[in-house]
Amino acid sequence: MVWLLSAGGLDSWREAWRLSLRDILILTDQQKELRWREELFFNVGRRRAVDALQGHTDLSLLPFFRAAALAGQQEELLQVLDSVAAGSSGDLGVAARCLACIADVLGCLAGEGKGGLRSGPAANPSWAPAFKLLEDGNLPAGVQELANQRKHWLCRPDLLVRAARHYEGAGQILLRKAVMSAREFVFIGQGEMPPMGEWQEVECPARLDLSGGWSDTPPIAFEHGGLVINVAIKVDGKRPIGARVRRVPEPHLLLVSTSGEAACSISTETLCEDLTDLEDYCQPHAPGALLKAVCVCSELVCVSSPVSLKEQLLKHWGGGLEIHSWSSLPHGSGLGTSSILAGAALAAVYRCTGRSFDTTSLIHDVLYLEQILTTGGGWQDQVGGLFGGVKLARSAAQLPLRVEVEQLSLTQDFLSVLQQHLLLVYTGKTRLARNLLQDVVRSWYARLPSIVQNAEQLVTNAEECAEACREGSLVRLGECMDTYWQQKKLMAPGCEPAAVRSMMNALQPLSLGQSLAGAGGGGFLFLLTREPQQKEAVREILTNIQVSQRNWFSNYRMRTFEEEWLCLTLSKLTYLYRTG
């Protein structure tokens, strides 16, 4: 207004040349304008993706990836992601997320529901050179080799999905290497070895995760930070997991694994007389793979050494070792068996070879062992079984991954009450978690808003659970357990089978809170009962459920048989009618 009212300003404005919006549009190239705006949009999107990855933010990039795939802008986007990954040697967490993002772009290019399942094998020999470079620590060359191979897999949806699987496989290599940084916190001392032939035995309880599970799983554990409350438990009054080791004069490794109850146990015996017998320690389904990984992780032998197995054993330990491990828990129990078993075996080996350690070192050693075994997983299982009592364990949002454990100081009265109200129920279903971990990690890398929010709520609920334990409040603890189960189901959809849902619904009137142990999907159910000593009441309810299910199944089979008989009869009548 000041300008308009100034001397001559108003007249100048009135005399100025005026253009209507139509006049302006006539003077523009609308197609060029739209192309410029589109280019600007994708330039901004690529820059935002770089900032999100390098800044460790929780921005979900998946909508932008979909837009880029639809607009044919994927090539420049893939080049940008390649560049960020190759330049992240100092932060393998960022590099792993970049490769997961490339997998998402390839999945978007394939199209939703096309090309097959994202979870699947990633073992095509064409990708092996790139994987080898990543395993050897040559990140820039490995990323470039992945890009070179990617060019041959872009022409069909099924090839795109398979390429996405291999990028996820490459990301898992980097994730394992990032978690291996936990070995910085393993401190092993050397002392005097016990006599030849003397057994060193370690027995461990199982663990129940009361709250916070999944937040301990890499990369969530070091990108967001994890917090878990769990408790060490005996099952039927016994520690169900253990290992024992002794030195033997023969320079070999005898590995014996036993699973199941004593009356119906199954044992697997593996004799290693050469270094080649240990080479499959990184294949989880190989015979004796866990105990082989224990031998490698504990540095009993060096598999890549030119010195033979016999010479190494004689030089360092004066002979061979006999290693036994056992678990009386069913397969897929959800009680942390494999991680605790690895901790027990490591502890027994260290004692047998005269080496000293503390429990914190053992926790980080198991983390490292599970990476070289390639099973992955979090840290809460070994915390639960190697530290006694109820404890709070946490890891900060940083690398190297470090776990800190605080044992909660609970009154003896509350522990006694907890013992009377906490029940463990085997559901009879084996936990099937083949792709569960991979799906959760994929969702986290995509930073789906629901998963990011749930990760935050897992930590918050674990803090509330710790307060409930300190206060000695069963009601509040039960509420935290129920909340935790809902969080597990959101984190891993499909982890609640229908039969388990029926059991939980039937037990609801008796319980303050309940959840499946571990990742869910089967295994053990644990519940906090409203009244003490409810074992028989729970048994009666479950027995009635079984009878009801058997009756329903029997009626269903009879109805099916009658329908089949009727159809068969009608078919015969039709045939007779048609043939006169």
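Below, all heavy atoms of this structure are taken into account, side chains as well, without hydrogens, waters or symmetry copies. When a residue number appears, it is its place in the shown sequence, counting from 1.
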Handout entry: Ring centre gap for W199 and H324 strictly below 6.0 Å
Key = yes

Exercise for the section: Determine whether R239 and C204 make a side-chain contact, defined as any pair of heavy atoms from C-beta on separated by less than 4.5 Å. Expected result: no

Problem - Side-chain touch Y281/I372, heavy atoms, less than 4.5 angstrom - result: yes

Exercise for the section: Search all heavy atoms of L92 against all heavy atoms of L174 and return the closest pair with its distance. Expected result: CB-O, 4.0 Å

Taking distance alone, no hydrogens or angles, what donor-acceptor pairs closer than 3.5 Å link side-chain atoms of residues 218-236 to residues at least two apart or in another chain?
from, atom 1, to, atom 2, distance (Å)
E223, OE1, W444, NE1, 2.8
E223, OE1, R447, NH1, 3.4
E223, OE1, R447, NH2, 2.9
H224, NE2, E456, OE1, 2.9
N230, ND2, Q380, O, 3.0
N230, ND2, Q380, OE1, 3.3

Practice task
Indicate whether any N or O donor in one side chain lies under 3.5 Å from an N or O acceptor in the other, for E531 and Q533.
Solution key: no

Problem - Distance in Å, L321 CG paired with L313 CG, rounded so as to fall on 0.5 Å steps - result: 7.0 Å

Practice task
Assess whether atom CD of Q419 is packed by more than 12 heavy atoms of other residues, nucleotides or ligands within 6.0 Å.
Solution key: no

Problem - side chain to side chain contact (heavy atoms under 4.5 Å, CB included) between F526 and S511, worked out - result: CA-CA 10 Å; F526 62 98; S511 71; over 6 Å; no

Practice task
Answer yes or no: is there a donor N or O on one side and an acceptor on the other, between the side chain of T427 and the main chain of G523, under 3.5 Å?
Solution key: yes

Practice task
Could you tell me whether a side-chain N or O of T258 sits under 3.5 Å from a main-chain N or O of S267, the two making a donor and an acceptor?
Solution key: no

Handout entry: Any donor-acceptor pair under 3.5 Å from W317 side chain to L300 backbone
Key = yes

Exercise for the section: Check for a donor-acceptor pair, side chain of D358 on one end and backbone N or O of S361 on the other, with a separation under 3.5 Å. Expected result: yes

Practice task
Before giving the answer on side chain to side chain contact (heavy atoms under 4.5 Å, CB included), spell out for L208 and L424 the whole-Å C-alpha distance, their side-chain angles and the decisive distance to 0.1 Å.
Solution key: CA-CA 9 Å; L208 276 184; L424 195 62; 3.9 Å; yes

Practice task
State, to 0.1 Å, how close R118 and R165 come at their nearest heavy-atom pair, and which atoms those are.
Solution key: O-CG, 3.0 Å

Exercise for the section: Check for a donor-acceptor pair, side chain of D482 on one end and backbone N or O of Q514 on the other, with a separation under 3.5 Å. Expected result: yes

Handout entry: Positive for side-chain contact (heavy atoms from CB on, under 4.5 Å) with R244, one of E203, Q200, E201, R351
Key = E201

Completion exercise
L275 and V307 have their tightest heavy-atom pair at CD1-O, 3.2 Å

Handout entry: side chain to side chain donor-acceptor pair (under 3.5 Å) involving S339 - partner list, sequence neighbours excluded
Key = E370

Handout entry: Non-hydrogen side-chain atoms of H364 and W379 separated by less than 4.5 Å
Key = no

Exercise for the section: Show the numbers, then the answer: is there a side chain to side chain contact (heavy atoms under 4.5 Å, CB included) between L392 and V405? Expected result: CA-CA 6 Å; L392 178 155; V405 181; over 6 Å; no

Handout entry: L291 side chain reached by T270 side chain, heavy atoms, under 4.5 Å
Key = no

Practice task
For the residue pair K238 and S328, establish whether any side-chain heavy-atom pair is separated by less than 4.5 Å.
Solution key: no

Practice task
Would you please test E536 and R539 for salt bridge (charged side-chain N to carboxylate O under 4.0 Å, His left out) and show each step?
Solution key: CA-CA 5 Å; E536 292 306 318; R539 190 191 301 274; 3.6 Å; yes

Problem - Evaluation steps, salt bridge (charged side-chain N to carboxylate O under 4.0 Å, His left out), between R470 and E406 - result: CA-CA 12 Å; R470 291 188 184 104; E406 172 194 348; 3.3 Å; yes

Practice task
Begin with the C-alpha distance, continue with both residues' side-chain angles, and end with the deciding distance and a verdict on side chain to side chain donor-acceptor pair (under 3.5 Å) for Q487 and W214.
Solution key: CA-CA 9 Å; Q487 292 168 341; W214 283 120; over 6 Å; no

Fill in the blank from the handout: SG of C469 to CD of E464, rounded to nearest 0.5 Å, is 12.0 Å

Problem - Spatial distance of atom CD (E496) from atom CZ (R501) [nearest 0.5 Å] - result: 4.5 Å

Problem - Candidate list F187, F185, Y350, test ring pair (Phe, Tyr, Trp, His ring centres under 6.0 Å), partner F357, passing option - result: Y350

Exercise for the section: Run the numbers on R442 and E168 for salt bridge (charged side-chain N to carboxylate O under 4.0 Å, His left out), then give the verdict. Expected result: CA-CA 8 Å; R442 184 184 301 126; E168 288 186 344; 2.6 Å; yes

Fill in the blank from the handout: So CZ of R176 and OG of S181: to nearest 0.5 Å the spacing works out to 14.0 Å

Exercise for the section: Before giving the answer on side chain to side chain contact (heavy atoms under 4.5 Å, CB included), spell out for C295 and I323 the whole-Å C-alpha distance, their side-chain angles and the decisive distance to 0.1 Å. Expected result: CA-CA 9 Å; C295 294; I323 306 175; 3.8 Å; yes

Handout entry: All side chain to side chain donor-acceptor pair (under 3.5 Å) counterparts of E404, not counting sequence neighbours
Key = none

Problem - Closest heavy-atom pair and its distance - L386, A344 - result: CD2-N, 4.4 Å

Practice task
To the nearest 0.5 Å, tell me how far L410 CG sits from E471 CD.
Solution key: 11.5 Å

Handout entry: Polar side-chain atom of K488 near backbone of L516 as donor-acceptor pair, under 3.5 Å
Key = yes

Practice task
Indicate the atoms forming the closest heavy-atom contact of L255 with G288, along with that distance.
Solution key: CD1-O, 4.2 Å

Handout entry: From Q412 atom CD to S416 atom OG, the distance as rounded to the nearest 0.5 Å
Key = 7.0 Å

Practice task
Quick one: closest heavy-atom pair of L369 and A342, and the distance?
Solution key: CD2-CB, 4.0 Å

Exercise for the section: Would you check if V256 and L254 make a side-chain contact, meaning some heavy-atom pair closer than 4.5 Å? Expected result: yes

Practice task
Measure from the side-chain N and O atoms of H421 to the backbone N and O of T529, and report whether any donor-acceptor pair falls under 3.5 Å.
Solution key: yes

Handout entry: Side chain proximity check, C302 to Q312, heavy atoms < 4.5 angstrom
Key = yes

Fill in the blank from the handout: Tested for side-chain contact (heavy atoms from CB on, under 4.5 Å) against L253, the lone hit among D277, L271, L309, V248 is L309

Problem - Heavy-atom donor-acceptor pair, S395 side chain to L401 backbone, under 3.5 Å - result: no

Practice task
Look only at the side chain of R246 and the backbone of P195, and say whether a donor-acceptor pair between them is shorter than 3.5 Å.
Solution key: no

Problem - Check: G320 main-chain N/O paired with K310 side-chain donor or acceptor under 3.5 Å - result: no

Practice task
Check whether any side-chain heavy atom of V440 lies under 4.5 Å from a side-chain heavy atom of T217, and answer yes or no.
Solution key: no

Exercise for the section: Report yes or no: do D274 and S308 form a side-chain donor-acceptor pair below 3.5 Å? Expected result: no

Handout entry: Ring-face cation of R97 near Y445 (centre distance under 6.0 Å, axis angle within 45°)
Key = no

